Engineer: 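To start, I am sharing the structure in question, which I have written as structure tokens.
Every heavy atom of this structure was used, including side-chain atoms; hydrogens, water molecules and symmetry mates were not. As the structure is a prediction and not an experimental result, all values here were calculated from the model.
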Amino acid sequence: MAAPSEKTLLDLNGHWVLNKTLSDSSEPVLALQGIGFLTRKGINMASITLDINQYQAPPKPPSTATDVVYHVDITQTASGLKSTQENRCLDNEFRPHADWLFGKVKGKTTWVTLDEVDDEFLKKDLLVEGEGKFIKSYVESEDTNWVATQVWGFEIVDGLRRYSRHIVVTKGSERAQIRLVYDYTPDSQ
């Protein structure tokens, strides 16, 4: 389902399902990140959902700031596999994270304009809406030395406005990229 007009990067709250028909294959990205063959096949066959809780509050540690910032807490579920939890704080501060899929990583998330995004793939076809800001996530693997950069936004895909993530993963001189497109599912809120 298309993203309703009231769903913006300031309100991603709800249930989003990966549209595998409209998304690129995750195989090259996951392989570069060192994810094993059987796990990659399981992920590619699974139904992937994001349950997003977005809110404003003071930042989480290690930041000691008291200013209110946006938080995006995501439970990502792949049918038949363990879920992962991502708690992002949009203050551009590195925070450690570990899960069963990607191991130990550190990442930071912030607001950007498309002018601040150097990679053409990361900003391709994204709609400039509202204040013209996008969510950028930058993650470094501490186990397998890859770097992932994502830019989240909305774009017209198959004639409909949809939530998408453009992701570039690098490891040394190797590069893989993927566009993930999500359908909004209002019934599951």
Engineer: Sequence neighbours left out, what passes side chain to side chain contact (heavy atoms under 4.5 Å, CB included) with Glu116? Give chain and number order.
Structural biologist: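 Expected list: Val112, Thr113.
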Engineer: Is there a donor-acceptor pair closer than 3.5 Å between any side-chain N or O of Thr144 and the backbone N or O of Trp146?
Structural biologist: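 Absent.
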Engineer: For the residue pair Gln85 and Thr75, confirm or rule out a side-chain donor-acceptor distance under 3.5 Å.
Structural biologist: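 The answer is yes; a qualifying pair exists.
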Engineer: One thing to verify: whether Arg88 and Glu86 come together as a salt bridge, which I'm taking to mean a side-chain N less than 4.0 angstrom from a carboxylate O.
Structural biologist: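 Salt bridge flag = yes for Arg88 with Glu86.
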Engineer: Can you tell if the side chain of Val72 reaches within under 4.5 Å of the side chain of Trp152, non-hydrogen atoms only?
Structural biologist: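 Counting from C-beta outward, Val72 and Trp152 do come under 4.5 Å.
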Engineer: Not counting sequence neighbours, which residues clear side chain to side chain contact (heavy atoms under 4.5 Å, CB included) with Leu10? List them please.
Structural biologist: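 With neighbours one apart ignored, the set is Thr8, Tyr70, Trp111.
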Engineer: Flag the pair Arg95 and Asp91 as a salt bridge only when some basic side-chain nitrogen lies within less than 4.0 angstrom of an acidic carboxylate oxygen.
Structural biologist: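 Result for this pair is yes, salt bridge flagged.
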Engineer: Strictly below 4.0 Å, N to O, side chains only: are Asp119 and Arg175 in salt-bridge contact?
Structural biologist: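 Looking at Arg175 together with Asp119, the answer is yes, because their closest N to O distance falls below 4.0 Å.
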Engineer: Can you sort out the partners of Tyr55 under ring-ring contact (aromatic ring centres under 6.0 Å, His included), two or more places apart, ordered by chain and number?
Structural biologist: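 If we apply the ring-ring contact (aromatic ring centres under 6.0 Å, His included) test to Tyr55, skipping adjacent residues, the hits are His71.
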Engineer: Can you tell me how far OG1 of Thr77 sits from CG of Leu18, rounded to the nearest 0.5 angstrom?
Structural biologist: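 If I round to the nearest 0.5 Å, the distance is 12.5 Å.
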Engineer: I need the Asp158 CG to Thr21 OG1 distance, nearest 0.5 Å.
Structural biologist: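 If we round to the nearest 0.5 Å, Asp158:CG and Thr21:OG1 are 9.0 Å apart.
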Engineer: For the hydrophobic clusters of this structure (ILVMFWY residues joined by side-chain heavy atoms under 4.5 Å, transitively), does one cluster hold both Leu38 and Leu32?
Structural biologist: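 Leu38 and Leu32: separate clusters.
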Engineer: Does a sphere of radius 6.0 Å around NZ in Lys124 hold more than 12 heavy atoms from other residues, nucleotides or ligands, not counting ones at 6.0 Å or beyond?
Structural biologist: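 It does not: Lys124 NZ has 12 such atoms or fewer within range.
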Engineer: At what distance, to the nearest 0.5 angstrom, does CD of Gln33 lie from CZ of Arg40?
Structural biologist: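 Interatomic distance, Gln33 CD to Arg40 CZ, rounded to 0.5 Å: 11.0 Å.
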Engineer: Would you please test Gln177 and Val169 for side-chain contact (heavy atoms from CB on, under 4.5 Å) and show each step?
Structural biologist: CA-CA 6 Å; Gln177 62 189 37; Val169 174; over 6 Å; no
Engineer: Does any donor atom in the side chain of Arg165 or Tyr163 lie under 3.5 Å from an acceptor atom in the other side chain?
Structural biologist: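 A donor-acceptor contact under 3.5 Å links the two side chains.
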Engineer: For residues Leu122 and Thr149, report the shortest heavy-atom separation together with the two atoms involved.
Structural biologist: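 So the minimum-distance heavy-atom pair works out to CD2-O, 3.5 Å.
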Engineer: Going by distance alone, is a donor N or O of one side chain under 3.5 Å from an acceptor N or O of the other, for Asn53 and Asp73?
Structural biologist: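 No - no donor-acceptor pair under 3.5 Å links their side chains.
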Engineer: If only atom types and distance count, is the side chain of Arg161 paired as donor or acceptor with the main-chain N or O of Ile156 below 3.5 Å?
Structural biologist: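 No; judged by distance alone, with no hydrogens or angles, the pair does not exist.
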Engineer: Please report the shortest heavy-atom distance between Asp143 and Gly103, naming the atom on each side.
Structural biologist: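 Between these two residues, the closest heavy atoms are OD2-CA, 3.4 Å.
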Engineer: Around atom CD of Gln56, are there more than 12 heavy atoms of other residues, nucleotides or ligands at under 6.0 Å?
Structural biologist: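 Atom CD in Gln56 is packed in, count exceeds 12.
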Engineer: Got a second to check how far Ile167's CD1 is from Gln150's CD, nearest 0.5 Å?
Structural biologist: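 Between atom CD1 of Ile167 and atom CD of Gln150 there are 4.0 Å.
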Engineer: Give a yes or no on this: more than 12 heavy atoms of other residues, nucleotides or ligands lie within 6.0 Å of atom NZ of Lys104.
Structural biologist: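 No - once you tally the heavy atoms of other residues, nucleotides and ligands closer than 6.0 Å, there are 12 at most.
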Engineer: Taking the side chain as everything from C-beta on, heavy atoms only, tell me whether Lys106 gets closer than 4.5 Å to Glu140.
Structural biologist: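 Result yes, sub-4.5 Å side-chain heavy-atom pair found.
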Engineer: Using a 4.5 Å cut-off on heavy atoms from C-beta on, say whether the side chain of Thr49 contacts that of Tyr182.
Structural biologist: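 Sidechains of Thr49 and Tyr182: no contact.
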Engineer: Flag yes if Ile48 and Trp100 sit in one hydrophobic cluster, no otherwise; membership is Ile, Leu, Val, Met, Phe, Trp, Tyr, and two members link when side-chain heavy atoms are under 4.5 Å apart.
Structural biologist: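 Yes; tracing contacts between hydrophobic side chains, which count when under 4.5 Å, links both residues.
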Engineer: With clusters built from Ile, Leu, Val, Met, Phe, Trp and Tyr whose side-chain heavy atoms come within less than 4.5 Å, directly or transitively, what are the remaining members of the cluster of Met45, listed by chain and number?
Structural biologist: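 The other cluster members (ILVMFWY side chains, heavy atoms under 4.5 Å, direct or chained): none.
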Engineer: Closer than 3.5 angstrom, by distance alone: can the side chain of Gln54 be matched with the main-chain N or O of Leu9 as a donor-acceptor pair?
Structural biologist: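 Yes: the side chain of Gln54 pairs with the backbone of Leu9.
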Engineer: Begin from the C-alpha positions of Phe121 and Val168 and carry the test side-chain contact (heavy atoms from CB on, under 4.5 Å) through to its verdict.
Structural biologist: CA-CA 8 Å; Phe121 175 78; Val168 170; 3.8 Å; yes
Engineer: Run the side chain to side chain contact (heavy atoms under 4.5 Å, CB included) test against Glu155 and tell me which residues pass, sequence neighbours left out.
Structural biologist: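 With neighbours one apart ignored, the set is Asp125, Leu126, Val157, Ser164, His166, Arg179.
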Engineer: Between the main-chain N or O of Val181 and the side-chain N or O of Ser23, is there a donor-acceptor pair closer than 3.5 Å?
Structural biologist: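 Checked: pair present.
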Engineer: Heavy atoms, side chains only, cut-off 4.5 Å: are Lys171 and Ser141 in contact?
Structural biologist: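 Counting from C-beta outward, Lys171 and Ser141 never come under 4.5 Å.
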Engineer: Would you indicate whether the side-chain heavy atoms of Arg162 and Phe154 approach each other to under 4.5 Å?
Structural biologist: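 No - every pair of side-chain heavy atoms lies 4.5 Å or more apart.
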Engineer: Indicate yes or no for a side-chain donor-acceptor contact from Trp16 to the backbone of Leu12 under 3.5 Å, with no hydrogens or angles considered.
Structural biologist: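 Here the side-chain-to-backbone pair exists.
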Engineer: Is it possible for you to say whether Val117 and Val139 belong to one hydrophobic cluster, with membership spreading through side-chain heavy-atom contacts below 4.5 Å?
Structural biologist: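 Yes, Val117 connects to Val139 through the hydrophobic network.
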Engineer: Tell me if a side-chain donor or acceptor on Lys7 pairs with a main-chain N or O of Asn13 at a distance below 3.5 Å.
Structural biologist: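 Such a contact is found between Lys7 side chain and Asn13 backbone.
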Engineer: I'd like to know if the side chain of Lys20 and the backbone of Ala46 have a donor-acceptor N/O pair within less than 3.5 Å.
Structural biologist: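 Checked: pair present.
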Engineer: Compare all side-chain heavy atoms of Thr109 with those of Asn92 and state whether any distance is below 4.5 angstrom.
Structural biologist: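 Sidechains of Asn92 and Thr109: no contact.
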Engineer: Using the rule that two of Ile, Leu, Val, Met, Phe, Trp, Tyr join whenever any of their side-chain heavy atoms come within less than 4.5 Å, decide whether Val105 and Leu50 are in one cluster.
Structural biologist: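 Yes: a chain of side-chain contacts under 4.5 Å links Val105 to Leu50.
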Engineer: By side chain to side chain contact (heavy atoms under 4.5 Å, CB included), which residues pair with Ser26, not counting sequence neighbours?
Structural biologist: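 Leu30, Ile43, Asn44, Ile178.
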Engineer: In terms of hydrophobic clusters joined by side-chain contacts under 4.5 Å, are Ile135 and Ile74 together?
Structural biologist: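 Cluster IDs for Ile135 and Ile74 match.
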Engineer: What pair of heavy atoms forms the shortest contact from Ser47 to Val17, and how long is it?
Structural biologist: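 In terms of heavy atoms, the two residues are closest at OG-CG1, 4.4 Å.
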Engineer: So that I can tick it off, tell me whether Lys41 and Glu27 are bridged by a salt bridge, with the cut-off set at under 4.0 angstrom between side-chain N and carboxylate O.
Structural biologist: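 Result for this pair is yes, salt bridge flagged.
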